[in-house]
S.K.: 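My structure is below; once you've seen it, I'll send some questions.
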Amino acid sequence: MARAFAKIAFTPKVQAAQARMGSRDAYRGAELGEVEAVELGPYEVEFIAERDSFYQGTVGENGWPYVQHRGGPTGFLKVLGPQTIGYADFSGNRQYISVGNLEGDDRVSLFLMDYPAQRRLKIWGRARLIDEDTEPALVARLESPNYRARVERGVVVTVEAFDWNCPKYITPRFTEAQVREQLSALQGDAGQLEPAVEVFDEIGSGLLKLVVTGIRQMTPRVRAYELRAPDWSDLPPATGGAHLAVPVRLPDGSVVTRQYSLATHPHRRDMYEIAVLREETGRGGSAAIHAHWQIGTRLALDHPANQFALHDDRRPAILIAGGIGITPIKAMAHEQKARGNSFELHYSGRTAAEMAYRDQLAIELSEQLHLYFTRAPGATRLDLKAIMATAAPDAVFYICGPGRLIEAASKAARELAIPARRVQHESFE
C-alpha cells in the first residue's frame, strides 16, 4: 500500500527531513504514480482478527495530538469490508477526548501491535461514530457477545492507507497464556509434567490478595462467596456496579479469568461478596468454583473495576435485574439508598426459590422492590415498556441480565424515544 501511505504520510516537511537525513531517494519511488485502490488483504484481515488491543491517534481542535489505548476481547476490532473496519467503544474513564476529537476531525491513525512476533500494522482512515438509535444493526455487528463491558457507541473507520513496519526495536512481550503454553511445552519435553493443581497453591497472579472466608448456598444453583484480605484489613473501595476479574483453575490445571459483579454494599470495606450461578453448559468456570472453592481458598487478582457505574447526580434510577443479574443491581440499589436518591428495583426470575437475595432485598428495600416471575402460575411478569413509560422523564435505566432482557429493554427505549445515554446495560451472557 505504498503510494496511498506515502501520499498521506510524506508531507513536504517530512520530505525535507528525509532529504536532510539521506533517506529521500529510498522513499521517492513510493510517491510515483496514481494512488492504488486501498483494500485489506487476507494477511491484514487475519492480523486484525488476532488483536486484543491497539493504539488510536486523533487530533483536537487546538492541534494537539492524542493517543489512546483501546482494548477488548481478541477480534473486537472487526473487518467489515475490504476498506472498512470498526470496533465497539466500551465504557472507559469518560473523558471522551477521542470522541470529541473525532467530532471535529474525522481523521484517525491506528497502530496494531503483535509483540511476540514483532509485527505492527499502521492504518490511516476516517472515522465516524454510530449508536444503537441510528444504526442498531451495524452496532450489533461490532459487539462481542461474550464480553461484559458496556458498549457506549460504535466506531467505523474507512481505511485510506495502511503500512507494515519493520520489526526493529519491537521488544517481544508475551501474555500469561502464551507464557504458560511455553512452560507447558518445556515441561513436556523434560518429562516433568505434573498436575497444575498440585504445583500452584494460590490461584492467580494479581496484586490484590483475597481468601474465601464464607460460602452460602442461596438457591439450588447460586452460591455466594465471601472474600476478605488474608489479614482481614480493609479492602480497596468499590462502587455499585463494580466487578472482580476472578482467577479460576479449571480441571485441566489451566487458570482462566471470569468476571463476577460485587453484590456487597458499596460502603463495606471489610469484605467483597460475589454470587456464582452454576452453569451446566457453560465454559467451566462456574462449575470449577462450585466444585473446588473452599473456606481458605486463596486468590491473587486485580483491584475491582467498574464498567457499569451509576450516574453521579440526583436523577432517579430505575434498576432492572433478570436472574443472576441482580448482583450488581443489588449493590447499585444500596448505593442509591445511601445517597438518598430516588430509585426503583425491578427483579425478575423464574420462581421465588431461584432468585438470589430476594428475601434480603424484601426486608432492606421493601418500598422500592418489585418482584416478577416467569414460571410461577398467575404471577405478574415484567413489562419493560410500561416501567419505562411511567418513569420520571429524566430517569436513568440500568438493566442487567440475559441478552434477551437487554434486547427487550433497548427495543422498548427506542419505541419510547428514550435517549440511549439514559439506558445502561450489562449482559451476563
Side-chain angles (χ1 to χ4, degrees), residues 68-73 88-100 131-132 143-144 147-154 208 227 235-246 257-269 271-275 301-322 324-347 357 361 365 368 388 391-392 394-401 405-406 409-410 413 418-428:
Q68 184 178 44
H69 174 269
R70 305 306 293 167
D89 197 9
F90 303 119
S91 177
N93 59 21
R94 305 182 74 82
Q95 290 183 334
Y96 300 118
I97 298 174
S98 295
V99 170
D131 57 46
E132 284 189 319
E143 291 179 340
S144 300
Y147 193 60
R148 285 185 46 179
R150 183 172 64 84
V151 177
E152 286 196 335
R153 67 191 60 78
L208 177 62
L227 309 173
L235 297 171
T239 53
H243 70 270
L244 289 174
V246 176
T257 300
R258 298 289 185 263
Q259 294 184 343
Y260 290 100
S261 294
L262 294 176
T264 329
H265 192 298
H267 287 186
R268 293 197 66 168
R269 298 287 301 280
M271 68 113 168
Y272 299 140
E273 182 172 285
I274 62 173
L301 61 165
D302 293 331
H303 286 205
N306 198 338
Q307 297 163 337
F308 190 44
L310 282 165
H311 57 285
D312 56 5
D313 53 44
R314 299 288 293 178
R315 287 178 294 169
I318 308 298
L319 309 174
I320 302 171
I324 197 62
I326 190 60
T327 49
I329 295 296
K330 172 182 177 291
M332 296 165 89
H334 286 307
E335 184 164 330
Q336 282 292 94
K337 185 176 182 179
R339 292 178 183 176
N341 288 359
S342 173
F343 70 97
E344 298 174 8
L345 172 52
H346 300 269
Y347 182 14
Y357 298 111
L361 293 170
L365 304 174
Q368 296 88 3
M388 301 176 92
D394 62 340
V396 184
F397 301 87
Y398 297 88
I399 306 100
C400 187
L405 176 67
I406 306 300
S410 298
I418 298 174
R421 64 180 178 275
R422 286 176 44 215
V423 183
Q424 312 297 326
H425 56 76
E426 186 171 68
S427 174
F428 269 70

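Side-chain atoms are counted along with the backbone in the values below, which use heavy atoms only and exclude waters and symmetry mates.
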S.K.: What I want to check is whether the side chains of T264 and E273 have a donor and an acceptor closer together than 3.5 Å.
M.R.: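 T264 vs E273: no donor-acceptor pair found between side chains.
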S.K.: Would you say R421 has more than 12 foreign heavy atoms packed within less than 6.0 Å of its CZ?
M.R.: no
S.K.: Would you say H346 and E344 are linked by a side-chain donor-acceptor pair, where the criterion is simply a distance under 3.5 Å?
M.R.: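 H346 and E344 do have a side-chain donor-acceptor pair below 3.5 Å.
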S.K.: Quick check for you: to the nearest 0.5 Å, what is the distance between D302 atom CG and L208 atom CG?
M.R.: 8.0 Å
S.K.: Would you say the side chain of P316 lies within less than 4.5 Å of the side chain of F343, judging by non-hydrogen atoms?
M.R.: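 The answer is no; the side chains never approach within 4.5 Å.
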S.K.: Do C400 and I320 touch side chain to side chain, with heavy atoms closer than 4.5 Å?
M.R.: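 Side-chain contact under 4.5 Å: no.
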S.K.: Can you find a heavy atom in the side chain of F308 that is under 4.5 Å from one in the side chain of M332?
M.R.: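 When only atoms from C-beta onward are counted, M332 and F308 do touch, with a gap below 4.5 Å.
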S.K.: Is the H311 ring parallel, tilted or perpendicular to the Y398 ring (thresholds 30°, 60°)?
M.R.: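 It falls in the parallel class, under 30°.
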S.K.: Taking the side chain as every heavy atom from C-beta outward, state whether K330 and L361 have any atom pair closer than 4.5 Å.
M.R.: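 K330 reaches L361 side chain to side chain.
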S.K.: Can you check side-chain contact (heavy atoms from CB on, under 4.5 Å) on Q307 and H243, steps first, answer last?
M.R.: CA-CA 8 Å; Q307 297 163 337; H243 70 270; 3.6 Å; yes
S.K.: Taking the side chain as C-beta and beyond, is there a heavy-atom pair between R314 and N341 under 4.5 Å?
M.R.: yes
S.K.: Would you say the side chain of E335 lies within less than 4.5 Å of the side chain of K337, judging by non-hydrogen atoms?
M.R.: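 No, side chains not in contact.
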S.K.: Check for a donor-acceptor pair, side chain of R269 on one end and backbone N or O of L235 on the other, with a separation under 3.5 Å.
M.R.: yes
S.K.: Give the intermediate values and the outcome of side-chain contact (heavy atoms from CB on, under 4.5 Å) for residues Y260 and T327.
M.R.: CA-CA 8 Å; Y260 290 100; T327 49; over 6 Å; no
S.K.: Counting C-beta onward and ignoring hydrogens, is there a side-chain heavy-atom pair between L310 and T239 closer than 4.5 Å?
M.R.: no
S.K.: Does D89 pair with R153 as a salt bridge, N-O distance under 4.0 Å?
M.R.: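 Yes, charged N to carboxylate O under 4.0 Å.
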S.K.: Any side-chain heavy atom of L227 within less than 4.5 Å of one from L244?
M.R.: yes
S.K.: Ring centres of Y357 and Y347 under 6.0 Å apart?
M.R.: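 No; Y347 has its ring centre 6.0 Å or more from that of Y357.
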S.K.: Roughly how far apart are Q424 CD and I318 CD1, rounded to 0.5 Å?
M.R.: 13.5 Å
